[in-house]
Protein chains: 2
Amino acid sequence: MLTISQLAATAGVTVRTVRHYHHVGLLPEPARDASGYRRYSAQAAVDLIRIRTLADAGVPLAHIDALLHAQPTEFASAITYIDVELQRKIDQLTDYRRRIAELASGERLVLPPEVVAILDRMRSLGVSERRIRAERDSWILMQALDSHVMPQRIRDKNASFDDPETMRLYLACDQSVDWDPHDPRLDRLIDDMDAWEIKHERDNSQPGYLKLVVSRISEASPAWQRIIDALTYRAERRRTAVSDTEVSTPATSDS
Amino acid sequence: MLTISQLAATAGVTVRTVRHYHHVGLLPEPARDASGYRRYSAQAAVDLIRIRTLADAGVPLAHIDALLHAQPTEFASAITYIDVELQRKIDQLTDYRRRIAELASGERLVLPPEVVAILDRMRSLGVSERRIRAERDSWILMQALDSHVMPQRIRDKNASFDDPETMRLYLACDQSVDWDPHDPRLDRLIDDMDAWEIKHERDNSQPGYLKLVVSRISEASPAWQRIIDALTYRAERRRTAVSDTEVSTPATSDS
DNA sequence: GGTTGACCCTGACCCTGCGTCAGGGTTGGA
DNA sequence: TCCAACCCTGACGCAGGGTCAGGGTCAACC
């Protein structure tokens, strides 16, 4: 006959675990000897090891008792289920290993690979990290709020990166963020961007595309604020001129 | 800006989980809007996903904060450690799958393969299940109490199964368990066993080997009780006779 | 402007599967 | 006789949330 610690050692568990199984009624309390110690038979070792085998496989203790007393058919199907679950866990852990390896680079976990590719492309084109982070954040918000527009946006973005003039302006904007608002280079940039807007007004559903590109963090940059103001003013002037000749609708002027 | 449920959905966790991470200080509390709702930035989504990536990999929440703010070198070595642990878990689960498959047959999990082979051999020789269970239990107790004698016992057991006469007596004993104590077949069996004992007295360290074989559950079987009594009596008589001629030591007689 | 259903808030208790501590009694070998 | 190594009961603690109670908000529709 075995003491509780001998039984526990045989099954590879702690004494506390054995007592816990008694407490929850999973393993029957054995007879006690004269001093009140529990004394176990060899059958108890068999039972305990069967219990541990199921518990190790992830079966909740509350289900094990019923399982061990089930009919062979039910038992077999339960075992099959447990095995499938184990395999699923193995696959999950394998996936977690992959994700852990990607932890070093921030966005790779959060965004789909196409967007990560766009961000990588921006990096290789020399776009500043600040701008890239802003871009990343806007993709994350887009994904959380209306993820269905993402495929179209991804196509648009790639298309604009394929156009050299768009790309040149994009990079110039990126670099201009810290310029003085009176920097003469800014005047040339505004002229070029306005020309771009005129050229693309037809095929772009919403006008002011380039304006949108820089608007998100414009409040932090006086130079960008000037770009937006200037482009808005010119676009308004153009629209007013067109309206005057067509339907005569006055437009609100914003300095 | 995201609400708590939008953030949670983005990271694939529950709202409760996000609040729990605030509670334990793992994710900083964001600013609230006018009605007291939490409002999250895209950066919060990045942070939360990085937290979940580590938590899914089994890192305790209490360690994650330090990990995310660690130096690149420490971070890298921690990641390596986590990855090793994950692989260890995968291997364990794979082993549990194997064990689960063996659950159907009781002793295979508990005893070393050599002993399982012995029990299988007994089964194929036609030994009763009752006797096999008794044998199994004695092996389990032996393993728990002095496992170092097992290799020798395994060799002994296999050797005795290789001897046809021993095997015949063993099987006869097994079958006699339910016989009437006055069954005439029992007399012949006792004669044969006594002859076996005499023949093996030299090379067997302790005498009464066959007696031991049946003694363990003898109290439950009148037939076996008779076998033991008879063999004991005859052995005593032999020992007394030898003693008388050699050193003249009287032996205690136990009827 | 009233209702409805989906969200949001805090605070509290509940769950599993044991670990661990307290405060004692027992056993077995030196 | 003493000591370490066991054994007993009972109780609280822990991670990582789930769930319920009891309320406030928001947005859309009628």
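Only this structure's heavy atoms are used, side chains among them; waters, hydrogens and symmetry mates stay out. Every chain is numbered from 1, with letters handed out A, B, ... down the list of sequences. Predicted model only: the values in this text are computed from it and were never measured.
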Novice: For Val15(A) and for Ser35(B), find the nucleotide of DNA chain D with the closest heavy atom, then tell me which residue's nucleotide is more 5'.
Specialist: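 Its nearest nucleotide being more 5', the pick is Val15(A).
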Novice: Polar-atom pairs under 3.5 Å, protein N or O versus N or O of nucleotides 13-17 of chain C: list them with distances, or write none.
Specialist:
residue, atom, partner, partner atom, Å
dG17(C), OP2, Leu61(A), N, 3.2

Novice: Just how far, in rounded Å, is P of dT25(D) from CZ of Arg38(B)?
Specialist: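 My rounded result for the distance is 16 Å.
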Novice: Would you say Thr14(B) reaches dG18(D)'s phosphate, i.e. side-chain N/O to OP1/OP2 under 4.0 Å?
Specialist: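 So the side chain of Thr14(B) is within the cut-off, an N or O lying under 4.0 Å from OP1 or OP2 of dG18(D).
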Novice: Spell out, as yes or no, whether a donor-acceptor pair under 3.5 Å connects the side chain of Thr10(A) to the backbone of Gln6(A).
Specialist: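 Answer holds: yes.
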Novice: Write down the distance between NE2 (His23(B)) and C1' (dA12(C)), rounded to a whole number of angstrom.
Specialist: 11 Å
Novice: Using OP1 and OP2 only, check whether a side-chain N or O of Thr17(B) sits under 4.0 Å from dG16(D).
Specialist: no
Novice: Give the rounded distance in Å between these two atoms: CZ of Arg19(A) and P of dC18(C).
Specialist: 14 Å
Novice: State whether Arg39(A) places a side-chain N or O below 4.0 Å from either non-bridging phosphate oxygen (OP1 or OP2) of dC6(D).
Specialist: no
Novice: So, does Glu102(A) use its side chain to make a donor-acceptor pair with the main chain of Arg99(A) at under 3.5 Å?
Specialist: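 No.
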Novice: 5'-most contact on DNA chain D: Tyr37(B) or Ala55(B), nearest heavy atom basis?
Specialist: Ala55(B)
Novice: To the nearest angstrom, how far is Leu7(A) atom CG from dC8(D) atom P?
Specialist: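 Taking CG of Leu7(A) and P of dC8(D), I get 11 Å after rounding.
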Novice: I'd like to know whether the aromatic ring centres of His63(B) and Tyr81(B) sit less than 6.0 Å apart in this structure.
Specialist: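 No - the distance between ring centres of His63(B) and Tyr81(B) does not fall below the 6.0 Å cut-off.
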Novice: Looking only at non-hydrogen atoms, find the nearest pair between Phe75(A) and Leu103(B) and report the distance.
Specialist: CZ-CD1, 4.0 Å
Novice: What integer distance in Å separates Glu29(A):CD from dC7(D):P?
Specialist: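 In whole Å, dC7(D) P lies 14 Å from Glu29(A) CD.
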Novice: Where do Ser77(A) and Glu74(A) come nearest, in terms of heavy atoms and distance?
Specialist: OG-O, 3.0 Å
